[in-house]
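Worksheet for the structure shown next.
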Amino acid sequence: MSRTKIAELLRTEPTGTEVLVKGWVKAFRNNQFIALNDGSCAANIQVVVDHENTDPALLDRIKFGAAIGARGALIESQGKGQKVEIKASEIIIYGDCNPEEYPLQPKKQTLEYLREIAHLRFRTNTFGAVFRVRHALAYAIHKFFNDRGFYYLHTPVITASDAEGAGEMFRVTTLDLDKLPRTEGGEIDFDQDFFRRPTNLTVSGQLEAELGAMALGEVYTFGPTFRAENSNTTRHLAEFWMIEPEVAFNDLNDNMDLAEDMLRYVIGYALEHCADDLKILEERLIEEEKSKPQDQRSEMALTDKLRFVIDNRFERLTYTEAIDILKNSNPNKKGKFQFPVEGWGTDLQSEHERYLVEKHFKKPVILTNYPAAIKAFYMRQDEPKEGVPGPTVSAMDILFPGIGEIVGGSQREERLERLVQRMHDMHIPEAELYWYLDTRRFGSCPHAGFGLGFERLVLFVTGMTNIRDVIAFPRYPGNAEF
RNA sequence: GCCUCAUUAGCUCAGUCGGUUAGAGCGGCGGACUGUUAAUCCGUAGGUCCAAGGUUCAAGUCCUUGAUGAGGCGCCA
C-alpha cells in the first residue's frame, strides 16, 4: 500500500477507505490522539489509536518529533476541530525521537533560538509555512516569465570579471594559501591557479544576461549571488538568490511595468495557493507585534497588506521629485532625520526611503532618474531636463514597506561612445569588459532590466522580519553553519 | 565596520541597595486518563548565573577585556 499525503487526505471524503499516512508526530493527546504532519501542508491529520490492537509498548514511543506511519480507515471525525481522521489499525515507528535530547519542544520557541538549530527548524509550523511560501514564490516567478516568453538563462557562478562594481567579492582559487606561488616580481602567480587568472563568485548575472537578451530577446536569471560585504542587518545575506530579467527594446517605463506586473503576479499567486500558510504567518506576526508599542505595529494584517499591494498601482516619481517631498517633509523641517535632506545629488538614506514608502505614500514606490554620480556605469544617461540640477540616469528602485529596496534596475546605456566615456570616467577597465562592449558594437539596441532580491520578496510576503529566517541555511559574516 | 542592548534551568524569563540555601512558567521525567485540539490533573528532578581578569569582608548583581546573540546605521538586492 502506498502512502497518501496529508494535504490530499484532508481534501478527501471520509468514506472509510483504507489509507496509509507517514509523517512526524506533532502532539499525542489523551493517550489516544496523534496529530501527524508530513510537510505537505500546514495542517495535521488526526490519527486515533485503537488500543485493542496496539501494543502499549509501541504507544510509549509515540513522542513529539517521532517519524511514524499509520494505516487505517479514513472516517468522519467524531470530535470537533477536524473533518476527517484515521482510525488506526496499524502504527509503524520509523524513527524514535527522545524528548530529553530533542532540541525542539512542543511550545513557542524564539526565532533566534531556532536559527541556532536551523537543521531542525523546518519542523516548526512557522518555518514549514515560510518554506512552502518560498517555494510557491520561486515557482510563480518561473511561471510568470515562462508565460511571457522569457528564457531562463543560467549565468556563471564563477566569474573572472572584477569590474562590475556591485560589491566586494569572494575569491575562488585552488592555490595553496600556505604556499602561494609568486612571480619573479613577487606578485601572486595566478598563472598557476585553476583558471589561470583571478576568479570570484558572481555578484550579479546582469552583464551576462544582457548578452543573452541581445539575441534571445527576453531572458531572466534566477540563481545564487554572493557579496562579501561585512553587512550585519536584517536585510542582507552573503549568499542570496536574485532574479534578473533583461529585455531587448524595453525602455525605463517598460521596465517598471514589467517589475510591477511581476511583483503583483507572484504575490497574487502566493495569496491564491498558500492561504493556510499565510494565515499561520499572519497570526505569528500579530503575536510577535503584541510586545511592541502600538505605533510600531503593522497597520494592516499580513494578507490585507498583500492584497493592498496587488490592488494599488505603485507610486512612480523621480529622484528629483522625491528630494522635494523630503525637503518639505515634517521630519526634515523638525530635524527628526538623522541625516537631514539638504540638496540634490546625495543618495537617499534608508530613513528617507522609509518615510516616502511608509508615511508619505503608504504604498510601494518606484523612484527613477537618480543622479548619475551615485549609480552604476551601465545605466542609460538621460538628456538634461529643466528643473533637474545635474545629470541623471534611467535608473529605477522599487521600495517596499519594511523592506526598503526590493528591486534595483535601469534602462541600459546602449550607445557605445557614451558607455565607454562613462567607464573611463569611473575607472572601469574597458579591455576586461570587451565582450560586454561588443553588444554595443554589433547590433546594439535599447534594452532594460532589473534585479530582484528573492529573499527580500519572501520577507515581504511571509511577514518575517529577519532575512536569515527566509533562507534555509543563511550565510552571513561569521556564519556558514550547516 | 560603527552605535545601542542583551547573555541566569532544556526553552522563555524574574532576581530589589552588593549580603544567608538563585525562583517562575513552559518543556522533560514518573503516574492517571478511550473524544482530545498548544489536552488536562497529581507528583518530581533539573543551575560552571557566557568566559577570563579585577574591586570588595562579601559579586548573578559593580568595573575591564573578550565571545556570542539581537536591534539600528553604513554597503546593497
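Naming convention: chains lettered A, B, ... in sequence-line order (proteins, then strands); numbering from 1 in each chain.
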Closest nucleotide among rG1(B), rG69(B), rC33(B) to the N232(A) side chain: rG1(B)

Using the C1' atom on both, measure rG35(B) against rU40(B) and round to a whole Å. 13 Å

Going by the angle between their ring planes, with limits at 30° and 60°, are F145(A) and Y220(A) parallel, tilted or perpendicular? parallel

Euclidean distance for P, rA51(B) against rU68(B) (whole angstrom): 15 Å

Taking atom types as they are modelled, is there a donor-acceptor pair under 3.5 Å from the base of rG35(B) to the side chain of E85(A)? yes

rG1(B) phosphate, OP1 or OP2: any side-chain N/O from N230(A) under 4.0 angstrom? yes

Does any pair with a residue in residues 51-67 of chain A pass salt bridge (charged side-chain N to carboxylate O under 4.0 Å, His left out), and if so which ones, sequence neighbours excluded? R61(A)-D96(A)

Distance between the P atoms of rA77(B) and rC17(B), in whole angstroms? 50 Å

Before we go on, tell me: are the rings of F308(A) and F400(A) under 6.0 Å apart, centre to centre? no

Counting just side-chain N and O atoms, does R235(A) come under 4.0 Å of either OP1 or OP2 of rG72(B)? no

Would you mind telling me which of rG74(B), rC76(B), rC29(B) lies closest to the side-chain atoms of P99(A)? rC29(B)

Could you state the atom-to-atom distance from CD of E239(A) to P of rA77(B) in whole Å? 17 Å

Check side chain to side chain contact (heavy atoms under 4.5 Å, CB included) between V172(A) and all other residues, then give those that pass, not counting sequence neighbours. I158(A), T199(A), L201(A)

side-chain hydrogen bond (donor to acceptor under 3.5 Å, both in side chains) for Q206(A) and Y378(A)? Distances and angles first, verdict last. CA-CA 10 Å; Q206(A) 180 204 313; Y378(A) 50 73; 3.2 Å; yes

Among residues two or more places apart or on two chains, list those pairs meeting salt bridge (charged side-chain N to carboxylate O under 4.0 Å, His left out) that have a residue in residues 354-368 of chain A. E299(A)-K362(A), E315(A)-K363(A)

Tell me: CE of M396(A) to P of rA77(B), nearest whole Å? 12 Å

Separation of F222(A) atom CZ from rA77(B) atom C1', in whole Å? 13 Å

Between rG23(B) and rU61(B), how many Å separate the two C1' atoms, rounded to a whole number? 16 Å

Considering only the P atoms, how many Å lie between rG60(B) and rG19(B), rounded to the nearest integer? 10 Å

Which residue pairs pass the salt bridge (charged side-chain N to carboxylate O under 4.0 Å, His left out) test when at least one of the two sits in residues 453-465 of chain A, sequence neighbours left out? R134(A)-E455(A)

Using only modelled atom types and a 3.5 angstrom limit, is any donor from either the side chain of S231(A) or the base of rC76(B) paired with an acceptor on the other? no

Salt-bridge contact D251(A)-R380(A) (side-chain N to carboxylate O under 4.0 Å): no

Examine rC76(B): is either OP1 or OP2 under 4.0 Å from a nitrogen or oxygen in the side chain of R456(A)? Give yes or no. no

Could you state the atom-to-atom distance from CZ of R227(A) to C1' of rC75(B) in whole Å? 10 Å

Could you tell me whether K22(A) and D38(A) have a side-chain N and a carboxylate O separated by less than 4.0 Å? no

Not counting sequence neighbours, which residues clear ring-ring contact (aromatic ring centres under 6.0 Å, His included) with H360(A)? List them please. none

Can you tell me which stems RNA chain B forms, taking runs of 3 or more consecutive Watson-Crick or G-U pairs with both distances under 3.5 Å? B:1-7 with B:67-73, B:10-13 with B:23-26, B:28-32 with B:40-44, B:50-54 with B:62-66

Over how many whole Å does the gap from E288(A) atom CD to rA70(B) atom C1' extend? 12 Å

Residues from residues 347-358 of chain A lying under 4.0 Å of RNA chain B - heavy atoms: Q349(A), S350(A), R354(A)

Tell me whether the OP1 or OP2 atom of rA70(B) has a side-chain N or O from R468(A) closer than 4.0 Å. yes

Let's see if you get this right: which residues in residues 397-410 of chain A place a heavy atom under 4.0 Å from RNA chain B? E405(A), I406(A), V407(A), G408(A)

Is any side-chain N or O of T234(A) closer than 4.0 Å to OP1 or OP2 of rG72(B)? yes

Pairwise C1' distance for rG53(B) and rC29(B), with rounding to whole Å: 40 Å

Ion pair check, R284(A) and E287(A), cut-off under 4.0 Å: no

Relative to each other, are the rings of Y370(A) and Y319(A) parallel, tilted or perpendicular (30° and 60° limits)? tilted

For F240(A) and rA77(B), are the ring centres under 5.5 Å apart with planes inclined under 30°? yes

With salt bridge (charged side-chain N to carboxylate O under 4.0 Å, His left out) as the criterion, how do E90(A) and R71(A) come out once you've worked through the C-alpha distance, each side chain's angles and the decisive distance to 0.1 Å? CA-CA 5 Å; E90(A) 186 191 6; R71(A) 198 166 51 81; 2.9 Å; yes

For rA58(B) and rG69(B), measure between their P atoms and round to the nearest Å. 35 Å

From the candidates rA77(B), rC33(B), rA70(B), the one with an atom nearest any side-chain atom of N30(A) is rC33(B)

Salt bridge between D276(A) and R132(A), side-chain N to carboxylate O under 4.0 Å? no

Suppose we call two aromatic rings close when their centres sit under 6.0 Å apart. Are H352(A) and F339(A) close by that rule? no

I'd like the C1' distance from rG46(B) over to rA22(B), given in whole Å. 13 Å

Whole angstroms only, please: what is the CG-P distance between N479(A) and rA67(B)? 16 Å

Heavy-atom contacts under 4.0 Å between residues 129-139 of chain A and RNA chain B, which residues? none

Does R29(A) have a side-chain nitrogen or oxygen under 4.0 Å from the phosphate oxygens OP1 or OP2 of rU36(B)? no

State whether the number of non-hydrogen atoms from other residues, nucleotides or ligands found under 6.0 Å of Y151(A) atom OH is greater than 12. no

Strictly under 4.0 angstrom, non-hydrogen atoms only: write out the protein contact profile of nucleotides 4-14 of chain B, one letter per nucleotide from the 5' end, B, S or -. ------BBS--

Does the side chain of N466(A) get closer than 4.0 angstrom to OP1 or OP2 of rG71(B) through an N or O atom? yes

Enumerate the protein-to-nucleotides 43-47 of chain B contacts in which both atoms are nitrogen or oxygen and the separation is below 3.5 Å.
none

Tell me: OH of Y476(A) to C1' of rC76(B), nearest whole Å? 19 Å

I'd like to know if R316(A) pairs up with D257(A) as an ion pair, taking the criterion as any Lys NZ or Arg NE/NH1/NH2 lying under 4.0 Å from an Asp or Glu carboxylate oxygen. yes

Sub-6.0 Å ring centroid separation between F28(A) and F33(A): no

For F454(A), the ring-ring contact (aromatic ring centres under 6.0 Å, His included) test, sequence neighbours excluded, returns F222(A)

Rounded interatomic separation in angstrom, taking NE2 from H236(A) and C1' from rA70(B): 17 Å

